[in-house]
Amino acid sequence: MGLISLDKVHEGMMIESDVIDPCGRILLRGGQQLLKHHIDVFHSCRIEEIDIAGIDPKDFVEDTGIDPEILSMAVSELEPIFVLVNLKWDVMMEIHRYAVQSHARKKIISKKNYDLT
């Protein structure tokens with residue numbers, strides 16, 4: 001099991017678990033092989049990550065494109081929320097990673113909006 005950024009997957013990979021859109025609709029059942037049109041549909045449905053069978057997410061260390069300083073600030077700002085969480089658990093580590101990146105992206109967007117005014 002490995003949640004992999006959609007930008008890192010390619011045709012022929014096997015889906016581990018169902019791919020579900022933000023409205024809760026199943027786009028592709030687990031156990032199926034990815035085709036190019038599946039990836040296109042996932043992009044159009046704003047799917048960011050999918051669970052790929054037989055992949056260790058650590059093999060896909062992703063460059064988020066986010067300034068490390070902003071990521072560090074996001075980690076610090078979210079620390080009170082995750083203070084009692086065991087980040088050694090894979091699931092919690094993924095939740096933490098997603099939350100930090102999401103928070104950092106929101107900071108970038110708000111900064112851009114502030115700079116435009």
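The basis for the numbers below is simple: all heavy atoms, side chains too, and nothing from hydrogens, waters or symmetry mates.
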Can you get from [X] to [Y] by hopping between Ile, Leu, Val, Met, Phe, Trp and Tyr side chains that sit under 4.5 Å apart?
X     : Y     : answer
Val91 : Tyr98 : no
Leu6  : Ile4  : yes
Ile20 : Ile47 : no
Met92 : Val75 : yes
Val85 : Trp89 : yes

- prompt: Side-chain contact, heavy-atom cut-off 4.5 Å: Phe42 with Val9?
  reply: no

- prompt: What pair of heavy atoms forms the shortest contact from Glu11 to Leu35, and how long is it?
  reply: CG-CA, 3.9 Å

query: Can you name the closest pair of heavy atoms from Cys45 and Pro22 and give their distance?
result: O-CD, 3.6 Å

- request: List in chain and number order the residues that pass side chain to side chain contact (heavy atoms under 4.5 Å, CB included) with Leu78, two or more places apart in sequence or in another chain; answer none if no residue qualifies.
  value: Ile81, Phe82, Ala99, Val100, His103

- prompt: Sequence neighbours excluded, which residues qualify as side chain to side chain contact (heavy atoms under 4.5 Å, CB included) partners of Asp40?
  reply: Lys36

I need the [X] [atom1] to [Y] [atom2] distance, nearest 0.5 Å.
X      : Y     : atom1 : atom2 : value
Ser102 : Ile95 : OG    : CD1   : 13.0 Å
His43  : Glu48 : NE2   : CD    : 11.0 Å
Lys8   : Ile52 : NZ    : CD1   : 13.5 Å
Gln101 : Leu71 : CD    : CG    : 6.5 Å
Ile50  : Glu16 : CD1   : CD    : 11.5 Å

Donor-acceptor pairs under 3.5 angstrom involving side-chain atoms of residues 26-33: please list them, not counting sequence neighbours.
unit_1 : atom_1 : unit_2 : atom_2 : d
Arg29  : NH1    : Asp18  : OD2    : 3.2
Gln33  : NE2    : Gly12  : O      : 3.1

message: Run Asp51 and Ile15 through side chain to side chain contact (heavy atoms under 4.5 Å, CB included) and show every step you take.
response: CA-CA 6 Å; Asp51 191 8; Ile15 300 294; 5.8 Å; no

